[in-house]
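When reading the values below, keep in mind they use all heavy atoms of this one structure, side chains included, and skip hydrogens, waters and symmetry mates. We name chains A, B, ... by the order of the sequence lines, and we start the count at 1 in each one.
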Amino acid sequence: MADATSSLQDTRGPYYGEFGGRFVPEALVAALDELEVEYRSALADPGFVAELERLQREYTGRPSPLTEVERFAEHAGGIRVFLKREDLNHTGSHKINNVLGQALLVKRMGKHRVIAETGAGQHGVATATAAALLDLECVVYMGEEDTERQALNVARMRLLGATVVPVTQGSRTLKDAINEALRDWVANVEDTHYLLGTVTGPHPFPEMVREFHKVIGTEARAQVLERTGRLPDVVAACVGGGSNAMGIFNAFLDDDVRLLGLEAGGEGVASGRHAARFSGGAPGVLHGARSYLLQDEDGQTLPSHSISAGLDYPSVSPIHAWLHDTGRAEYRPVTDTEAMEAFRLLCRTEGIIPAIESAHALAGALVVGRELAAAGRTDAIVLVSLSGRGDKDVATAARWFDVVDEQDIAKAATTEGSSL
Amino acid sequence: MNGAPVPGFSSGRTGERLAALREEGRAALVGYLPVGFPSVERSVEAARALVEAGADVVEIGVPYSDPVMDGPTIQQAVEASLERGARVRDSLRVVEAVAELGVPALVMTYWNPVLRYGVDAFARDLAAAGGAGLITPDLIPDEGAPWLAASDAHDLDRVFLVAPSSTPARLATTAAASRGFVYAASTMGVTGERTRVGAGAQGLVEATRAAGAGFVCVGLGVSTGEQAAQVGRFADGVIVGSALVRPLLGDAPWAQRLDSLRGVVGQLAEGVRTARAAAPHAAQAAGPGGGE
């Protein structure tokens with residue numbers, strides 16, 4: 001057990017090194033202060049903690065399993081690969097961990113309306129789910145382009161009783177959905193909570209979202225120890241905003257374990273069409289926090305690109321920015337092509353269809369596994385956060401691998417009430 | 001008493017103008033226009049028209065990709081401005097043009113463009129262009145240390161915002177950090193025209209003055225001469241944005257759009273001039289050092 005004073009785990013905001021903070025309109029400061037107070041008092045309240053644990057167990061299905069993937073690992077230099085199965089959570093991804101925590105806080109604060117942003121739709125679905133469970137009004141902002149790309153998740157949210165608002169401003173993607181959610185929040189902060197979906201934004205969001213996701217790493221660390229008698233050599237996770245990575249990294253921050261974050265390299269960092277903030281961005285401020293950011297020389301946010309909507313975001317958690325600059329974690333880009341190869345491999349070798357986001361982590365594991373094997377470390381253990389399941393990505397993948405007729409996809413999508 | 005300092009509050013260049021107008025018994029008309037809409041050259045023309053038609057202070061908006069405090073009208077103009085290639089440095093051209101007319105030119109900017117330019121470099125270039133200072137909608141004083149230092153070094157005003165949700169303690173820290181005036185958001189929300197100005201605006205202005213602000217101007221939702229008159233009774237300045245941008249949108253000939261802008265500004269200018277004449281007692285309530 002690391003000494004409490006030197007522990008990197010649970011480092012408190014608002015700053016993580018030179019990152020984080022609260023770059024927000026004054027109108028939101030009172031709500032952020034209230035949120036911080038409520039969140040800290042809730043964590044100290046055994047009743048709150050017990051209720052959250054009960055929901056995680058009985059509703060989400062925690063603990064999520066740890067699966068060793070031997071056939072997949074043969075392609076990673078023959079090392080051992082374990083998957084932390086967040087894809088098996090209710091709603092199909094890690095997002096539900098944070099959503100249930102925040103939704104319980106909303107009830108505690110006496111607010112009755114939640115708003116959320118969503119890119120791929122995973123966070124929107126998770127939020128709509130928790131809102132239904134806890135009887136909260138729910139509005140989800142989603143870039144118009146994403147509502148078209150992810151028509152199935154739009155339908156899911158509506159079935160759960162949420163209102164989905166397509167955002168037509170700006171680039172019509174995730175960053176614009178966040179802008180619109182912030183505008184809503186400024187106007188309705190009295191009775192509305194902004195249920196932010198990732199480990200970024202103004203303080204206390206990064207700290208709070210990490211808190212609700214750290215169960216991933218706590219469970220995985222114990223599971224790997226139990227299964228193998230030791231800690232993994234590498235923990236790999238995809239990094240969009242960075243919540244699943246933060247969740248699984250946190251428990252290992254004070255261990256001698258390599259932490260590897262995989263960003264969306266899109267069509268390659270050199271192409272300019274990517275979401276690799278650490279390789280292709282620079283420190284700046286967006287959506288309330290100072291972090292790494294894709295921006296032009298005037299500080300205008302640059303559009304990001306990834307085959308995976310969930311990684312398609314121009315900034316990243318300030319906590320990851322800090323781990324990057326201190327060298328505690330390393331971040332590498334994975335291209336669309338590399339991610340889709342890893343996607344195909346997991347499907348064919350293990351019978352698991354991963355989210356394309358998670359496939360970036362799998363691609364990272366393949367690369368680092370081969371590197372370790374080449375260095376003679378064939379006994380190495382790599383733990384991968386399988387953050388979500390790939391059902392939502394079936395149409396994208398089918399098109400990528402050309403396994404169905406294009407017209408059939410178009411027809412199916414039209415039946416969903418959208419066009420491709 | 002022209003330009004007399006308000007005890008405990010740093011008037012700066014903009015505050016001096018507000019003090020002079022207070023002496024005249026009226027509020028200032030503070031007009032916002034975005035740089036580069038519909039082009040950089042035309043935004044300079046629009047800013048000149050704004051001053052000639054009666055604006056006392058000009059707020060020059062730096063176009064930004066993620067304007068979370070702005071409603072649809074300003075978003076539309078700013079998006080078009082960026083699509084046409086407007087640059088942050090173009091704002092300095094508009095500042096020069098406004099400053100030449102002898103009117104305080106404040107730049108309204110989200111924080112990242114300034115961070116990217118370099119906080120001190122931007123302050124230096126803004127001062128060299130004759131600018132009066134900055135209005136920073138997404139920078140609270142808590143995060144503002146580099147800007148507090150740069151604005152001191154280059155003698156610039158720094159206008160921070162307060163909102164109906166601000167606690168008395170935050171009103172006090174914001175007032176203490178501000179120079180020129182404090183920008184009071186009349187309502188919880190983003191920029192845009194509203195049929196009614198927030199009912200809490202007067203209370204917020206009074207609370208902000210009580211917290212130490214020498215001058216308080218009110219923005220968000222003011223679009224008509226009548227509303228300007230109403231706000232001008234209790235505030236040191238009436239800030240108008242979307243209502244000035246709207247006449248510049250659309251496909252009408254440019255000269256016609258400029259005329260529409262002058263018309264709107266004229267009504268607003270009339271509003272701030274008649275405000276206290278119609279309600280002399282309210283003028284007295286303008287605050288410490290106000291007019292008597």
Side-chain angles (χ1 to χ4, degrees), chain A residues 14-15 18 20-34 167-172 174-192 201-203 281-291 293-303 314-315, chain B residues 62-72 75-76 78-79 81-83 85-91 109-118 122 136-145 160-167 169-171 173-174 182-185 187-192 220:
Chain A
Y15 302 104
E18 58 174 292
R22 276 185 179 175
F23 294 85
V24 292
E26 165 66 23
L28 293 178
V29 171
L32 293 170
D33 282 341
E34 181 199 5
V167 174
T168 56
Q169 282 88 3
S171 59
R172 303 185 302 136
L174 178 58
K175 100 178 161 64
D176 307 282
I178 295 177
N179 291 343
E180 209 50 31
L182 285 168
R183 291 182 186 116
D184 180 318
W185 202 30
V186 169
N188 300 298
V189 67
E190 189 71 25
D191 71 347
T192 297
H203 177 69
V285 164
L286 180 68
H287 296 147
R290 185 166 190 276
S291 185
L293 174 65
L294 299 182
Q295 55 183 323
D296 70 11
E297 57 179 329
D298 266 6
Q300 310 292 352
T301 309
L302 286 173
S315 190
Chain B
V62 174
Y64 178 53
S65 52
D66 296 274
V68 295
M69 273 296 282
D70 285 305
Q75 282 177 48
Q76 191 187 334
V78 163
E79 259 183 52
S81 166
L82 286 174
E83 275 167 21
R87 301 293 309 271
V88 170
R89 61 171 177 265
D90 293 330
S91 60
T109 181
Y110 291 90
W111 198 234
N112 199 50
V114 178
L115 275 182
R116 190 67 167 163
Y117 196 103
F122 192 79
T136 51
D138 65 348
L139 184 73
I140 54 176
D142 321 45
E143 303 287 357
F160 291 106
L161 278 71
V162 294
S165 60
S166 301
T167 60
R170 289 203 60 82
L171 293 180
T173 54
T174 306
V182 173
Y183 185 133
T187 182
M188 295 298 285
V190 297
T191 60
L220 298 194

Exercise. In terms of heavy-atom proximity below 4.5 Å to chain B, should A/Gln295 be classed as side chain, backbone, both, or neither?
Worked result: both

Problem set entry | Gap between atom OG1 of B/Thr167 and atom CD of A/Glu34 - 0.5 Å precision | 12.5 Å

Exercise. Using non-hydrogen atoms only, which part of B/Pro113 is less than 4.5 Å away from chain A: side chain, backbone, both, or neither?
Worked result: both

For this session: Under 4.5 Å heavy-atom distance to chain A, tell me which part of B/Tyr64 shows up: side chain, backbone, both or neither.
Result: both

Seminar exercise, completed: Answer key: most heavy-atom pairs under 4.5 Å with chain B among A/Pro14, A/Ala187, A/Ala282, A/Gly284 is A/Ala187

For this session: Side chain from CB out, backbone as N, CA, C, O: work out which of these in A/Asp296 comes under 4.5 Å of a heavy atom of chain B, or both, or neither.
Result: backbone

Exercise. Picking from B/Leu115, B/Val114, B/Val88, which has the most non-hydrogen pairs under 4.5 angstrom with chain A?
Worked result: B/Val88

For this session: Would you mind telling me which of B/Gln76, B/Arg87, B/Arg89, B/Glu79 has the largest number of heavy-atom pairs within less than 4.5 Å of chain A?
Result: B/Arg87

For this session: Against chain B, work out which of A/Asp298, A/Thr301, A/Val186, A/Val285 has the most heavy-atom pairs shorter than 4.5 Å and name it.
Result: A/Asp298

Problem set entry | Heavy-atom pairs under 4.5 Å with chain B, option from A/Gly288, A/Ala27, A/Ala30, A/Gly21 with the top count | A/Ala27

Problem set entry | Heavy-atom proximity to chain B below 4.5 Å, by part of A/Leu293 | side chain

For this session: Measure the CG-CZ distance between B/Asp70 and A/Arg183 for me, rounded to the nearest 0.5 Å.
Result: 7.5 Å

Problem set entry | Any donor-acceptor N/O pair, A/Gln300 side chain to B/Ser65 backbone, under 3.5 Å | yes

Seminar exercise, completed: Per-residue tally against chain B (heavy atom, under 4.5 Å) across A/Leu28, A/Asp176, A/Asn179 peaks at A/Asn179

Exercise. Hey, what do you get for CD (A/Glu26) to CZ (B/Arg170), rounding to the nearest 0.5 Å?
Worked result: 4.0 Å

Exercise. When heavy-atom pairs shorter than 4.5 Å are enumerated against chain B, which of A/Leu182, A/Val29, A/Leu302 gives the highest number?
Worked result: A/Val29

For this session: Taking only Lys NZ, Arg NE, NH1 and NH2, and the carboxylate oxygens of Asp or Glu, determine whether A/Arg22 and B/Asp142 approach each other closer than 4.0 Å.
Result: no

Problem set entry | Option in B/Ala163, B/Ser165, B/Ala185 with maximal non-hydrogen atom pairs under 4.5 Å from chain A | B/Ser165

Problem set entry | Under 4.5 Å from a heavy atom of chain A, the part of B/Pro72 involved | neither

Seminar exercise, completed: In terms of heavy-atom pairs under 4.5 Å with chain A, the winner among B/Val78, B/Leu161, B/Thr187 is B/Leu161

Exercise. Got more than 12 heavy atoms from elsewhere within 6.0 Å of CD, A/Glu190?
Worked result: no

